[in-house]
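Not measured: the values here are computed from a predicted model.
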Amino acid sequence: MISLSRRSVLALGGAMLGGIGAGGRSAVAGTDAPVIRATTRILEIGGRPARVLGLLQPDGTAGMTLEPGMRFRAALTNGLDEPTIIHWHGQIPPVEQDGVGDMPAPMLRPGETRRYDFAADPGTHWMHAHVPDQEMRLLAAPLIVRSAEDLRADRQEVTLLLHDFSFTPLAEHLARLNAAPADPHAGHAGHGAPAGGATAAAAMDLNDIDFDAYLANDRTLSDPQVVRVERGGRVLLRIINGASATVFRIDTGGLSARILAVDGQPVLPIAAQRFALAMGQRADLLVEIPAGGGAFPMLALREGATERTGIVLATAGAEIRRIAPLGEANAAPYASAQEAALRAALPLASRPPQRRFDVALTGTMAPYAWTIDGRAWGRHRPLQARSGERIEIALTNRSGMAHPMHLHGHRFQVVEAGGRRIAGAVRDTVQVPANERLVLALDAGQPGRWMFHCHHMPHLATGMMTEFVVEG
Ligand code: C2O
Ligand code: CU
């Protein structure tokens, strides 16, 4: 490993992550569309074999990287023994290709192959099963679309896909949450929150599921990925929070870092100290490697807790020290000040809204049931608009937990946070902390039924979704 040139490390990284170089180039126009297979794989987690799912190309590349101007073209094969459907999170395909079961295309049967072909939007995006239980079993991978600017910039790109992992299936987690509503940690086989005290109380509001491991590019801190970087070099860290129910706070260990984009959309760069990502969100960080070199852990801390995961950026010859999987103090929870501080580099054109919606995020731990306007999917009231209309959606969280809300088929701009009107970030997933209110603006896009839901997978599983219906 130590003697590999930067070029071969890059290629290796690409093959492993689909994040860099090699994966994308196999997909050059003129050849047949690359195959992405939903399949099973074995990871070693905490010394135990874990049978998980994955989205792999035949050469082992996870997910896909596209070079500037390429369309997203893929043949998706369901290699699982259960139906699945994959959503291209951050992309805006025609609604038939959006990847939500029966909206309108059915799930892929075992063995079925389906073709996808649509114009790709640049940025750090991802692909994942739109089935909560499958997403939780790691049926998720990067979907990186490089821009012309990425090609020009003199920087190394590193993709970091974060996840949480539990040996316990989602159905059992839900059953336990419903059976023991007063203490969601009781009886858990994994490392629960410390019993009693303020920590356990805080953990109940922030983290309602305890996991057996937290993963960075499928690995824990007992054997983290080490990425070779250059002394004095610049690294574009494309971070994807693919976790099912964990908010991560990014810790660059004091290395200077700036946020260039969130959810694939450029923002006015700000310092990345204490930046957090909710489930479904992405952030591009420009990290400066000191001229003196060294080994630099890029950590992701579980909010309100001590668990952590991460990778190591290391220059040639640097000594890689062991990193404890638990930090010394609980990581600070996500704070809405972060959203209020972001400014879009490419804001929406300013125009008055033609329609406004007031949406309440609702639900309870006991029973474990999460809803929108008090209604679960199936009893939901769709938000309706005409294509081209400027819409504002005020989201008010009237529940005791934060909810990362994701809208399909659109990008929205955060135009009010912390009670102030702002020209905030353009995104597709926004974290709405408990008891707070945010306002989003967007232009209604292509006609169709577009999902609007919480990206916390157990919340989604209990029905925390509605739809945005756009008429032509
Ligand atoms: Cu990333 Cu509807 O999901
Ligand atoms: Cu939620």
Side-chain angles (χ1 to χ4, degrees), residues 43-48 50-52 132-138 140 162-216 218-222 241-249 276-280 299-310 324-334 363-370 399-404 431 434 454-462 464:
L43 299 180
E44 194 199 281
I45 294 177
R48 275 172 78 184
R51 190 166 184 271
V52 302
D133 164 65
Q134 294 175 349
E135 202 286 329
M136 213 157 162
R137 286 183 282 149
L138 311 188
L162 301 169
H163 221 297
D164 41 22
F165 174 77
S166 176
F167 283 99
T168 307
L170 173 57
E172 273 180 48
H173 280 292
L174 292 175
R176 185 176 46 245
L177 284 161
N178 274 317
D183 180 5
H185 303 291
H188 191 271
H191 42 247
T199 311
M204 189 169 155
D205 288 326
L206 296 175
N207 297 304
D208 52 0
I209 307 269
D210 272 331
F211 290 88
D212 295 310
Y214 298 88
L215 305 177
D218 292 335
R219 290 156 78 162
T220 66
L221 281 177
S222 65
N241 187 353
S244 58
T246 302
V247 174
F248 287 107
R249 177 168 297 283
L277 271 80
M279 296 77 87
L299 299 180
L301 319 177
R302 183 189 188 208
E303 72 165 342
T306 56
E307 291 93 346
R308 54 193 189 172
T309 185
L326 296 180
E328 270 153 30
N330 287 344
Y334 177 98
T364 53
M365 289 294 293
Y368 192 77
W370 302 95
S399 77
M401 280 195 79
H403 304 285
Q431 173 80 329
C454 176
H455 222 288
H456 182 300
M457 289 296 132
H459 292 186
L460 177 56
T462 72
M464 192 165 186

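The minimum heavy-atom distance between Ile209 and Arg302, with the atom names listed, is O-NH2, 3.0 Å. Here the shortest heavy-atom pairing between Val247 and Ala276 reads CG1-CB, 4.4 Å. Heavy-atom minimum distance, Met279 versus Pro404: O-CB, 3.6 Å.
Between His403 and His459, the distance from one ring center to the other falls under 6.0 angstrom.
Within the model, atoms CG of Leu277 and OG1 of Thr246 stand 12.5 Å from one another, a figure rounded to the nearest 0.5 Å. In this structure, Ser166 OG and His173 NE2 are separated by 3.0 Å, a value rounded to the nearest 0.5 Å. To the nearest 0.5 Å, atom CD1 of residue Ile45 and atom CG of residue Asp212 are 8.5 Å apart. In this structure, the separation between OG1 on Thr168 and CZ on Phe211 is 10.0 Å, given to the nearest 0.5 Å. Between the OG1 atom of Thr309 and the CG atom of Leu299 there is a distance of 8.0 Å, given to the nearest 0.5 Å.
Of the possible donor and acceptor atoms, none in the side chain of Asn241 sits under 3.5 Å from a partner among the backbone N and O of Gly280. When atom types are taken as modelled, the side chain of His455 and the backbone of Ala278 share no donor-acceptor pair closer than 3.5 angstrom. Of the possible donor and acceptor atoms, one in the side chain of Asp164 sits under 3.5 Å from a partner among the backbone N and O of Ala245. With Glu303 contributing its side chain and Phe248 its backbone, the two residues share no donor-acceptor pair below 3.5 Å.
The cationic group of Arg308 does not satisfy the cation-pi geometry with Tyr214, failing either the under 6.0 Å distance to the six-membered ring centre or the 45° limit from the ring axis.
Remark: Pro132 engages Leu170, Met457, Leu460, Ala461 in a side chain to side chain contact (heavy atoms under 4.5 Å, CB included) (not counting sequence neighbours). With sequence neighbours left out, the side chain to side chain contact (heavy atoms under 4.5 Å, CB included) criterion links Arg51 to Thr40, Ile42.
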